[in-house]
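Structure first, then comments.
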Amino acid sequence: MARKKPNPKAAFVLFNVLYEDGSQTSNRKVPSEILGGLDGDDPARAVIEAQDQEIAERSGRSRGPIKSIERA
C-alpha cells in the first residue's frame, strides 16, 4: 500500500459559526484561497452568509444573523 503525501495547503478551512439566537453550526467549509492577507478571516463571513442564503432558499427556513465565527 502506498501512502498519500500530505497536502501542504488545504483546500478548505473549517469554521464554527455562532448565531445571534444562540444556535451554532460546526465545521462550515470556506475555500482557503480567499482567506489571509490584510483581511484575515473576514471574507469567511461573507462566504458563510452566502451559504446560509442558499440553504434557506432550499429548505424554506432562514437563519438569523451571525454573531461570531471562529476557526475550528
Legend entry - Test applied, side-chain contact (heavy atoms from CB on, under 4.5 Å); reference residue, I69; option that passes from T25, V30, I48: I48

Please list, one pair per line, the donor and acceptor atoms closer than 3.5 Å that link side chains of residues 12-22 to other protein atoms, with sequence neighbours excluded.
unit_1 : atom_1 : unit_2 : atom_2 : d
N16    : OD1    : N27    : N      : 3.3
Y19    : OH     : R28    : NH1    : 3.1
Y19    : OH     : D52    : OD1    : 3.1
Y19    : OH     : D52    : OD2    : 2.8
D21    : OD1    : S23    : N      : 3.0
D21    : OD1    : S23    : OG     : 2.7

Inset, instruction - Answer yes or no: is there a donor N or O on one side and an acceptor on the other, between the side chain of Q51 and the main chain of K29, under 3.5 Å? - result: yes

Legend entry - salt bridge (Lys or Arg N to Asp or Glu O under 4.0 Å) pairs, two or more places apart, involving residues 59-72: D41-R71

Legend entry - Residues forming a side-chain contact (heavy atoms from CB on, under 4.5 Å) with Q53, sequence neighbours excluded: E57

Legend entry - Where A56 and S62 come nearest, the two heavy atoms and their spacing: CB-CA, 3.8 Å

